[in-house]
K.L.:
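If you scroll down you'll find the structure; I have some questions about it.
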Amino acid sequence: MRITIDGPAGSGKSTVAKEVSKRLGIPYLNTGLVYRAFAYVCMQEGLEDERDILRLFERPPHVVPQVGETLVYYQGKEISPLLSSEDVGRVASIIASYPSFRERINEFFRSLMNHKQFVAEGRDAGSFIFPDADIKFFITASVEERAMRRYKQLKAQGIEITYEDVLRALVERDERDKNRPLYPFLPPKDAIVIDTTNLSVEEVVERVLSQLREYNRKL
């Protein structure tokens, strides 16, 4: 089964997707983490020109989707733990606005998961990366709740930042991503939407699994 779980930052999509992957025993692809990996490499190499960034696909970061986690390596070293900063997220959002980069990375994702079962999570996994996925979910929450979740996550990682800065960054990214002329950030038309504002992780996971059971019964 090919499952996509999309949503804005802080909606809880990563936590839910990881758990669904574990419950089903199939690989988990965090597409946002891969965007961040390319952004991290751009920052390390000082790449800003779109043509230079596209050359990264000649020797891209090595992505390993596993049950419950996605690992990313570059030049033989795992960089997954280095990708959660707001600076990396900002650069990821910028390079994601380049149409040619989006086309190449979407091809990269499809090649990576070709003929495999997966739980793919991101901001457009169901709309643009895997539009033919078997079942699609869109996980959302109020922007204030999303900012608080992200703030707590960053603080737990030892990153010094204020709630106000996180909220401002989320609002700015939401607006930038929704207003892209190409690949705008919108829920897939055929996605099942779940608002997680007042739900626990377990409640959201159970709703997703319930929908999956219903889908399988109809096959």
Side-chain angles (χ1 to χ4, degrees), residues 2-11 13-14 17 28-63 65 70 72-74 79-80 82-116 118-134 136-140 143 146 168-191 193:
R2 298 172 302 164
I3 304 161
T4 60
I5 300 179
D6 289 323
S11 61
K13 64 184 182 298
S14 297
Y28 159 65
L29 173 63
N30 183 337
T31 64
L33 187 72
V34 181
Y35 271 99
R36 284 173 171 265
F38 276 90
Y40 174 83
V41 174
C42 288
M43 294 168 69
Q44 294 298 304
E45 302 294 335
L47 303 180
E48 296 182 356
D49 183 81
E50 186 172 354
R51 289 173 295 181
D52 292 334
I53 294 171
L54 290 178
R55 293 192 184 99
L56 292 178
F57 288 99
E58 297 172 7
R59 298 184 65 184
H62 181 50
V63 181
T70 301
V72 185
Y73 299 84
Y74 187 67
I79 60 172
S80 314
L82 307 176
L83 306 178
S84 60
S85 75
E86 291 300 296
D87 285 341
V88 173
R90 178 182 56 80
V91 175
S93 182
I94 291 171
I95 66 175
S97 68
Y98 300 150
S100 56
F101 179 83
R102 294 297 287 261
E103 291 172 6
R104 292 294 300 276
I105 201 168
N106 285 353
E107 292 172 2
F108 175 80
F109 287 133
R110 293 179 195 125
S111 176
L112 180 69
M113 306 309 293
N114 189 31
H115 303 304
K116 297 177 183 177
F118 58 77
V119 178
E121 168 258 309
R123 295 174 76 84
D124 62 355
S127 51
F128 296 115
I129 303 173
F130 303 109
D132 58 347
D134 296 312
K136 305 172 185 179
F137 296 91
F138 188 84
I139 307 296
T140 189
V143 68
R146 292 192 286 119
R168 187 180 309 110
L170 282 183
V171 171
E172 290 175 355
R173 181 172 182 183
D174 285 351
E175 285 301 308
R176 181 168 60 246
D177 290 355
K178 283 190 297 185
N179 292 310
R180 285 195 297 257
L182 295 174
Y183 301 106
F185 173 57
L186 296 169
K189 292 181 180 179
D190 50 349
V193 179

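These numbers were taken from a predicted model, which means no experiment stands behind them.
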K.L.:
Any side-chain heavy atom of Ser80 within less than 4.5 Å of one from Tyr40?
P.N.:
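They are not in contact (no side-chain heavy atoms under 4.5 Å apart), so the answer is no.
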
K.L.:
Side chain of Asp6, backbone of Gly126: donor and acceptor closer than 3.5 Å?
P.N.:
yes

K.L.:
Are side-chain heavy atoms of Val63 and Leu29 found at a separation under 4.5 Å?
P.N.:
yes

K.L.:
Verify, without hydrogens or angle tests, whether Lys136 (side chain) and Pro131 (backbone) share a donor-acceptor contact under 3.5 angstrom.
P.N.:
yes

K.L.:
Ala125 and Ala120: which non-hydrogen atoms are nearest, and at how many Å?
P.N.:
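For Ala125 versus Ala120, the nearest heavy atoms are CB-O, 3.9 Å.
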
K.L.:
Scan Val34, Asn30, Leu112 and name whichever one has a side chain to side chain contact (heavy atoms under 4.5 Å, CB included) with Pro65.
P.N.:
Leu112

K.L.:
How far does CZ of Arg51 sit from OG of Ser100, to the nearest 0.5 angstrom?
P.N.:
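The OG atom of Ser100 is 10.5 Å from CZ of Arg51, to the nearest 0.5 Å.
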
K.L.:
Quick check for you: to the nearest 0.5 Å, what is the distance between Arg36 atom CZ and Ser93 atom OG?
P.N.:
10.0 Å

K.L.:
Nearest 0.5 angstrom please: Glu103 CD to Leu54 CG, how far?
P.N.:
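If we round to the nearest 0.5 Å, Glu103:CD and Leu54:CG are 9.5 Å apart.
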
K.L.:
Output yes when a side-chain donor or acceptor of Arg173 lies under 3.5 Å from a complementary backbone atom of Arg90, and no otherwise.
P.N.:
no

K.L.:
Are any of the side-chain heavy atoms of Leu82 and Tyr74 separated by less than 4.5 Å?
P.N.:
no

K.L.:
Which heavy atom in Phe185 sits nearest to a heavy atom in Pro8, and how many Å separate them?
P.N.:
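That closest heavy-atom pairing would be CZ-N, 3.5 Å.
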
K.L.:
Has the side chain of Ser11 got a donor or acceptor atom that lies under 3.5 Å from a matching backbone atom of Ile139?
P.N.:
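Judged by distance alone, yes, a pair lies under 3.5 Å.
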
K.L.:
Check Arg104 against Phe57 and note the closest heavy-atom contact, atom names and distance.
P.N.:
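In terms of heavy atoms, the two residues are closest at NH2-CB, 3.1 Å.
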
K.L.:
Can you name the nearest heavy-atom pair linking Phe128 to Asn106, along with the distance?
P.N.:
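Smallest interatomic distance, heavy atoms only, reads O-ND2, 3.9 Å.
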
K.L.:
Describe, in one word, how the ring planes of Phe38 and Phe101 are oriented to each other, choosing from parallel (under 30°), tilted (30 to 60°) and perpendicular (over 60°).
P.N.:
perpendicular

K.L.:
Using atom types as modelled and distance alone, determine if a side-chain donor or acceptor of Ser111 lies under 3.5 Å from a backbone N or O of Phe108.
P.N.:
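No; zero donor-acceptor contacts below 3.5 Å.
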
K.L.:
Keeping Lys13 on the side-chain end and Phe138 on the backbone end, is there a donor-acceptor pair under 3.5 Å?
P.N.:
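No, because the side chain of Lys13 does not come within donor-acceptor range (under 3.5 Å) of the backbone of Phe138.
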
K.L.:
Any heavy-atom pair between the side chains of Arg123 and Tyr35 that's under 4.5 Å?
P.N.:
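Sidechains of Arg123 and Tyr35: no contact.
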
K.L.:
If you apply the rule side chain to side chain contact (heavy atoms under 4.5 Å, CB included), what do you find for Arg146 with Asp174, and how did you get there?
P.N.:
CA-CA 12 Å; Arg146 292 192 286 119; Asp174 285 351; 2.5 Å; yes

K.L.:
Once rounded to the nearest 0.5 Å, what's the spacing between atom CG of Leu33 and atom OH of Tyr28?
P.N.:
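It comes to 7.5 Å.
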
K.L.:
Within a radius of less than 6.0 Å around CD of Glu48, do more than 12 heavy atoms belonging to other residues, nucleotides or ligands occur?
P.N.:
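For Glu48, atom CD is not crowded (no more than 12 foreign heavy atoms under 6.0 Å).
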
K.L.:
Please give me the minimum heavy-atom distance between Asp132 and Arg2, naming the atom from each residue.
P.N.:
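Nearest heavy atoms, Asp132 then Arg2: O-NH2, 2.9 Å.
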
K.L.:
Donor-acceptor pair, distance only, cut-off 3.5 Å: does the side chain of Thr140 make one with the backbone of Gly7?
P.N.:
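Pair absent, no side-chain N/O of Thr140 close to backbone of Gly7.
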
K.L.:
What are the two closest heavy atoms between Leu56 and Val41, and how far apart are they?
P.N.:
CD2-CG1, 3.7 Å

K.L.:
To the nearest 0.5 Å, what is the distance between CG on Leu47 and CD1 on Ile95?
P.N.:
9.5 Å

K.L.:
Could you pull out all residues at least two apart from Arg102 that satisfy salt bridge (charged side-chain N to carboxylate O under 4.0 Å, His left out)?
P.N.:
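Partners of Arg102 by the salt bridge (charged side-chain N to carboxylate O under 4.0 Å, His left out) criterion, ordered by chain and then number, come out as Asp124.
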
